[in-house]
Amino acid sequence: MSATKLFSDFYERPDVVTIAKELLGKTLVTCIDGFYTAARITEVEAYAGRNDKACHANGGLRTARTEMMYARGGMAYVYLCYGMHHLFNVVTNKEGMADAVLIRAVMPLAGEEHMLQRRGKPTVTKILSSGPATLSQALGIKTKLHYGTDLAGELIWIEDARVLKPEEIVVSTRIGVDYAEEDALKPWRFYQADMPWVSKKLKQDQLLSEF
DNA sequence: AATTAGATGTTCT
DNA sequence: GAACATCTAATTA
């Protein structure tokens, strides 16, 4: 049970889809406002830089918001979604490539009492942290404070765990990217099979017809 | 169980 | 001014 923090050698690899799948099962840890919280990553999506119409960096777009996507792998890209939700991404690949993995759901492992307080919930259920905005709220991640946080530091980091087998992973299209034309069909969402801690489960008929 | 509407603010056209 | 990598409560069935 040696919990090993992940560093650049993990994050700076070139294939964002591989990194996304390998992040499943690993432990996302925050030490924010003096509260230690840890959770198992159960759902992710890959966003593939400037050639992905669903990605904020599509076409090489560089703005104040997207600038952090172009950093080297291992930084936090956090942004405000729909005016009120903080979505947490891990930047991957080399500097300038703008790949990132969106963390979409986690299962609490430690510091549940702080997560409940931040979310205003009485008990630990899947709605505590099964969704990209709810997990950020549970872990205390906020856009203005944590944009550009180095995951090698002491505020937000990820600890290693075994890589899941292919049969333990469900593949689907990404959520909420219908505007992305053909790239909306890319099977770049991954979640751990047989886990309640997922934002949206696929129905059986979708599983068979699409993949 | 499934669908809908409203909240909210930053970004980009 | 439109769109947006969403969530929740309320409504319909």
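Both backbone and side-chain heavy atoms feed into the values below; hydrogens, waters and symmetry mates do not. Throughout, a chain's letter reflects where its sequence line sits, starting with A, and its residues are numbered from 1.
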Please state how far atom [atom1] in [X] lies from atom [atom2] in [N], giving the value in whole angstrom units.
X        : N      : atom1 : atom2 : result
A:Gln137 : B:dT8  : CD    : C1'   : 14 Å
A:Asp178 : C:dT6  : CG    : P     : 10 Å
A:Arg174 : C:dT6  : CZ    : C1'   : 17 Å
A:Leu61  : C:dA3  : CG    : C1'   : 14 Å
A:Glu43  : C:dA5  : CD    : C1'   : 11 Å
A:His86  : B:dT11 : NE2   : P     : 13 Å
A:Tyr147 : B:dT10 : OH    : P     : 14 Å
A:Lys53  : C:dA3  : NZ    : C1'   : 17 Å

For the side chain of [X], counting heavy atoms from C-beta on, which of [options] is nearest?
X        : options              : answer
A:Thr63  : C:dC7, B:dG9, B:dT11 : B:dT11
A:Lys121 : C:dT8, C:dA5, B:dG9  : C:dT8
A:Met84  : C:dT6, B:dC12, B:dT8 : B:dT8
A:Thr134 : C:dT8, C:dT6, B:dG9  : C:dT8
A:Tyr47  : C:dA5, C:dC7, B:dT10 : C:dA5

*Taking 4.0 angstrom as the limit, do A:Glu181 and A:Lys53 come out as a salt bridge?*
yes
*asked:* When both hydrogen-bonding distances must be under 3.5 Å and the geometry is Watson-Crick or G-U wobble, what is C:dC4 paired with, if anything?
replied: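 Across all strands, the one nucleotide that pairs with C:dC4 is B:dG9.
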*Which atom pair, heavy atoms only, marks the closest approach of A:Thr37 to A:Gly111?*
CG2-O, 3.6 Å
*Which part of the nucleic acid, if any, lies within reach of A:Leu102 when heavy atoms closer than 4.0 Å are counted: base, sugar-phosphate only, or nothing?*
base
*Would you classify A:Ala133 as touching base, sugar-phosphate or nothing, given that sugar-phosphate means primed atoms plus P, OP1 and OP2, and contacts are heavy atoms under 4.0 Å?*
sugar-phosphate
*Between A:His85 and A:Lys144, who's closer to the 5' end of DNA chain B by nearest nucleotide?*
A:His85
Contact under 4.0 Å: [X] side-chain N or O vs [N] OP1/OP2:
X        : N      : value
A:Tyr179 : C:dA5  : yes
A:Thr143 : B:dT10 : no
A:Arg119 : C:dC7  : no

_Any N or O donor-acceptor pair under 3.5 Å from the base of C:dA5 to the side chain of A:His56?_
yes
*Are A:Met69 and A:Leu61 side-chain neighbours, meaning at least one heavy-atom pair lies under 4.5 Å?*
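No; the side chains remain at least 4.5 Å from each other.
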*asked:* Please verify the inter-ring angle class for A:Tyr77 with A:Tyr147; under 30° counts as parallel, over 60° as perpendicular, anything in between as tilted.
replied: perpendicular
*Look at the aromatic rings of A:His85 and A:Tyr82 and report parallel, tilted or perpendicular, splitting at 30° and 60°.*
perpendicular
_Donor-acceptor contact present, side-chain A:Asp160 to main-chain A:Leu6, <3.5 Å_ =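 A pair under 3.5 Å: no.
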